[in-house]
*Asks:* 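Mind looking over this structure? Questions follow.
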Amino acid sequence: MINIEKNLGFLNNQQLLAVKKTKQSCLVLAGAGSGKTRVLTMRIYYILASKLALPNQILSVTFTNKAANEMRSRVGDMFNRSLEGWWVGTFHSICAKILRSYAQEVGLKNDFVIIDKEDQIKLIKNICEIEKINTSEKNPNYFLSFIDRFKNESLTANDINNMKEKKYEKNVIKIYNIYEKELLRLNCCDFGNLILHCISIFRNNKNILKRYQNQFKYILVDEYQDINFAQQKWLKYLYEGHKNICCVGDDDQSIYSWRGAEVKNILNFEKFFYTNTIIRLEQNYRSTKKILNCASHLISHNKGRYGKKLWSEGNIGDKIEVKGHWETKEEAQSISSQIELLIKDNISLNEIAILMRIAAHTRALEERFLNIGLPYRIVGGLRFYERKEIKDAIAYLRISNNLSDDLALARIINVPRRGIGQITIKKISLISREKQISMFDATREYLRSAKNSKGKIEINDLISKILKWNKLKDDMNHIELSELILEDSGYMKLVRNENNQQNNINNFDKLDNLYEFINSLKEFQNLGSFLEHISLVSENENSSKDNKINLMTIHSAKGLEFDHVFLIGWEEGVFPSKRSIEERGKEGLEEERRLAYVAITRARKTVSISFVNQNRYSYASHDFNRPSRFINELPKEDLEIFNSEVYNQESSFEELNQIEEQDFDNITPGKKRLISYNNNKVFDEWDFNQDFENTNLFNEGDKVLHKKFGNGNILKIEGETAQVQFDKFGTKMIFLRYINKKFD
DNA sequence: TTTGACGACATTTTT
DNA sequence: TGTCGTCAAA
């Protein structure tokens, strides 16, 4: 016992209270940086170390895999070993685990396939086609958003059908019904159904429910503010057993309302779980006082909140920098110069993060960083398993693993091209529907009846190969099998050909990704466990060992912290997002503000905010952007505002509104550049020269280094590009800006 | 029937 | 930037 107390010694009074109140349920309202994860891990540690429960009697639920992994490793560290049997994971992965055991209860087989949004859209498209629903006005996305919303609110197709009041369009209801039937027919489950199926098992089968209720003595939930109604209902079922749940959350950090999360859920906690124990963690251990002050000041503009007063014993810290730029290129240059300064102070790149509202805004930065050779990583963003080539590869593995995986077969049946077009596919799926057989079997059926043709021979070949792979599955090492499948199917050849023909970098990336994909199989025992894993994990598991600058959206930065944070794109319309305000009005704006709050509170030491006057989407006209209203909501005394034509300390947001757009329409890009260069001392001279030099530096015969292709020699220079002979990858045309000269 | 080329188009956030 | 739909050619 002494040892336990010693380990709890680092906690403050409020944290200690939250850890030790194990007899009853409680809600912990934890401000940003107040040691939320620490409380959760310590509570689990405390329960286990005091022998209040065994590991398999604890259920810890998170929203992201990242959070789950973090929890797993932190608790593991406390015991110096990983805990066997402990239930820790995302809502979705835990539901999947339960559902795998009892799939037949809801009409699925236990090898059901978990599908993603892309598959969902394809399904809905198919349904619209069969039902002859016009998709030009109401597209599949429109229908899917309804289906998602229903599922977030735990409304099954039956619930909708039984509604007395006809709230929804006929087609929405019709598609929802057919969609659900299709999922069962195809033995598929979307993300929403992982939760809903579990709920219906709990509701319909008391024995199964009792089993889990008895098992989970303690339930812990992270990021409770992100919970939607269905998830809450799910928790409630499990809670009714031992009635002990501890939820940690921060109403000011609720940023997932578009996924069904509602702040009101956290506000209802007391009623839902029969408790009035609310513990507030208000001491911040992360940020400087100035940063904290800015964040608090900003979030105080929101009305719908519990209200907390964050305080800190930390340093006062530097002022928050606010910088205006003409265009994204200059923003990127400015940031890279600031980072150069940080590097001179020996600051690790891992401690630097650039956060943005929109994932696509990494582009200008990436270009800049590639140009001057600063290493960076993109967290989240383009998720690895969602790339086209990876999904194709996965589809090949899926169909080999499970012959009745129709969606997988549909994806690759004509990739690479085998002379099977839409019409043939339609014929096959008709057979599959009429005879109630899988698409794979339907294809064989079709082959028997169809006339001989080139397409038929190829498809026959594919079918027999799939059969062969399927047989090999149990005897062959899954990595070798995967390599065999991708080679044998001609898919690798297709990607290689594209690569040679177009000489472009993207296709090399594809090949690279495929190798990486095969490599990632090593961590799994067999194909099945790998496929299960990737259907639930869409994150890039980037190794954070390398020293790199972190680029990510604010959403994916939640739960992380960095010494130095750059926040880009603080422009009206971008942040707060125009769309968000248009769709949800005040609610939307408040959520955007919470997002800004999350962004600022990621920083430990410094924050630098920037905005760009010219429209970010460079193809668009010369639209003019105003700085974000959030900048005006920060306390002036804590800001250091840098020169900008448009924004200065005196002008208020209202004044900025009055600037006439035409004033800026007539300025040429070159002039803009000049003005900003003169006005904005932030840009070092060498910064501009760098670009200039980079394109003029090269000579034929130079040794160069390319990020992907490695070492090579320049054969010929043509304008902005060069023909480069690479040591390992042959001759390619490469933009000069993507290569660096090598000096031996 | 399938394929490739071409232009139009839209671009929030994610388990 | 990259995906989608349309159209003409094979």
Side-chain angles (χ1 to χ4, degrees), chain A residues 61-68 89-96 114-118 120-121 125 135-136 139-141 148 151-152 189-195 223 226-228 230-231 254-261 355-364 366-367 379-383 385-388 414-427 450-451 453-456 458 501 504-506 534-540 552-558 569 573-584 588 591-592 594-596 598-599 615-620:
Chain A
V61 206
T62 64
F63 283 88
T64 64
N65 293 292
K66 202 160 46 185
T90 62
F91 275 96
H92 298 273
S93 67
I94 285 171
C95 284
I114 300 167
I115 63 168
D116 62 3
K117 188 174 171 181
E118 201 183 329
Q120 288 181 292
I121 290 285
K125 258 187 196 161
T135 50
S136 56
N139 58 22
N141 252 315
D148 273 344
K151 294 191 174 186
N152 288 335
C189 191
D190 61 16
F191 283 119
N193 273 4
L194 287 172
I195 315 270
E223 308 276 14
D226 289 339
I227 201 153
N228 66 35
Q231 289 158 336
S254 165
I255 53 177
Y256 283 101
S257 73
W258 45 274
R259 223 172 66 188
L355 310 184
M356 53 219 89
R357 178 66 180 82
I358 298 165
H361 285 349
T362 55
R363 247 171 238 157
E366 282 189 77
E367 205 165 295
V379 182
L382 295 160
R383 273 143 300 154
Y385 294 120
E386 281 179 16
R387 288 163 204 261
K388 200 172 163 199
N414 200 31
V415 182
R417 297 249 137 89
R418 297 190 175 89
I420 305 157
Q422 279 187 338
I423 291 174
T424 312
I425 289 173
K426 247 184 213 163
K427 279 182 192 161
K451 281 181 222 151
S453 68
K454 213 179 140 203
K456 189 178 163 179
E458 288 213 50
Q501 275 168 21
N504 84 24
I505 294 168
N506 287 338
I534 58 179
S535 58
L536 290 166
V537 175
S538 58
E539 291 158 36
N540 275 345
M552 67 191 96
T553 63
I554 302 171
H555 281 89
S556 48
K558 200 167 79 157
V574 175
F575 192 34
S577 144
K578 190 174 148 200
R579 210 158 137 183
S580 185
I581 294 174
E582 276 169 3
E583 279 169 18
R584 290 196 309 279
E591 175 144 331
E592 294 286 306
R594 289 193 291 270
L595 206 46
V598 169
N615 197 309
R616 283 198 178 256
Y617 307 109
S618 51
Y619 308 117

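So you know, we letter chains A, B, ... as the sequences are listed, proteins then strands, and number each from 1.
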*Asks:* Indicate, with a heavy-atom threshold strictly under 4.0 Å, whether A:Phe63 touches base, sugar-phosphate, or nothing.
*Replies:* sugar-phosphate

*Asks:* If you measure from the Lys or Arg side-chain nitrogens to the Asp or Glu carboxylate oxygens, is any gap between A:Arg259 and A:Asp226 under 4.0 Å?
*Replies:* no

*Asks:* Given B:dT3, B:dT15, B:dT14, identify the nucleotide with an atom nearest to the side chain of A:Phe191.
*Replies:* B:dT15

*Asks:* Taking the basic N atoms (NZ, or NE/NH1/NH2) and the acidic carboxylate oxygens, is any pair closer than 4.0 Å for A:Arg594 and A:Glu591?
*Replies:* yes

*Asks:* What nucleic acid atoms does A:Ile420 come within less than 4.0 Å of, heavy atoms only: base, sugar-phosphate, or nothing?
*Replies:* sugar-phosphate

*Asks:* Pick base, sugar-phosphate or nothing for A:Ser93, based on heavy-atom distances below 4.0 Å to the nucleic acid.
*Replies:* nothing

*Asks:* What's the NZ-C1' distance between A:Lys578 and B:dA10, to the nearest Å?
*Replies:* 13 Å

*Asks:* How many whole angstroms separate atom CD1 of A:Ile581 from atom P of B:dT13?
*Replies:* 17 Å

*Asks:* Base, sugar-phosphate alone, or nothing: which one does A:Glu582 contact when heavy atoms must sit under 4.0 Å apart?
*Replies:* nothing

*Asks:* Between C1' on B:dT14 and CZ on A:Phe91, what's the gap in Å once rounded to a whole number?
*Replies:* 15 Å

*Asks:* The side chain of A:Thr64 is closest to which nucleotide in this list: B:dT15, B:dT13, B:dT1?
*Replies:* B:dT15

*Asks:* Please report the distance, rounded to the nearest Å, between NE2 in A:His361 and C1' in B:dA10.
*Replies:* 14 Å

*Asks:* Quick one: does A:Ser93's side chain have a donor or acceptor within less than 3.5 Å of a partner on A:Thr90's backbone?
*Replies:* yes

*Asks:* With the side chain of A:Arg363 defined as its heavy atoms from C-beta on, choose the nearest nucleotide among B:dT15, C:dT1, B:dG4.
*Replies:* C:dT1

*Asks:* Tell me which nucleotide among B:dT15, B:dT13, C:dG5 gets nearest to the side chain of A:Lys125.
*Replies:* C:dG5

*Asks:* Give the rounded distance in Å between these two atoms: CG of A:Asp148 and P of B:dT15.
*Replies:* 14 Å

*Asks:* Strictly below 4.0 Å, N to O, side chains only: are A:Lys151 and A:Asp190 in salt-bridge contact?
*Replies:* yes

*Asks:* Regarding A:Arg357 and A:Glu592, does a basic nitrogen lie under 4.0 Å from an acidic carboxylate oxygen?
*Replies:* yes

*Asks:* Of all the choices, B:dT1, B:dT14, C:dG5, which nucleotide is nearest to the side chain of A:Arg259 once you look at every atom?
*Replies:* B:dT14

*Asks:* Figure out the CD1/P separation between A:Ile121 and C:dC4, and round it to whole Å.
*Replies:* 10 Å

*Asks:* Could you give the CG-to-P distance, from A:Asp226 to B:dT15, as a whole number of Å?
*Replies:* 11 Å

*Asks:* If you assign each of A:Ser580 and A:Lys427 to its closest nucleotide in DNA chain B, which residue comes earlier from the 5' end?
*Replies:* A:Lys427

*Asks:* Charged N to carboxylate O below 4.0 Å: is that the case for A:Glu458 and A:Arg417?
*Replies:* no

*Asks:* Is the aromatic ring centre of A:Trp258 closer than 5.5 Å to the centre of the six-membered base ring of B:dT13, with the two planes inclined by less than 30°?
*Replies:* yes

*Asks:* Between A:Arg594 (CZ) and B:dT13 (P), how many Å, whole number?
*Replies:* 18 Å

*Asks:* Go through B:dT3, B:dT14, C:dG5 for me and flag the one nearest to the A:Asn414 side chain.
*Replies:* B:dT3

*Asks:* In terms of side-chain heavy atoms of A:Thr424, which of B:dT13, B:dT15, B:dT1 is nearest?
*Replies:* B:dT1

*Asks:* So if I take every side-chain heavy atom of A:Thr90 and compare against B:dT15, B:dT13, C:dG5, which nucleotide ends up nearest?
*Replies:* B:dT15

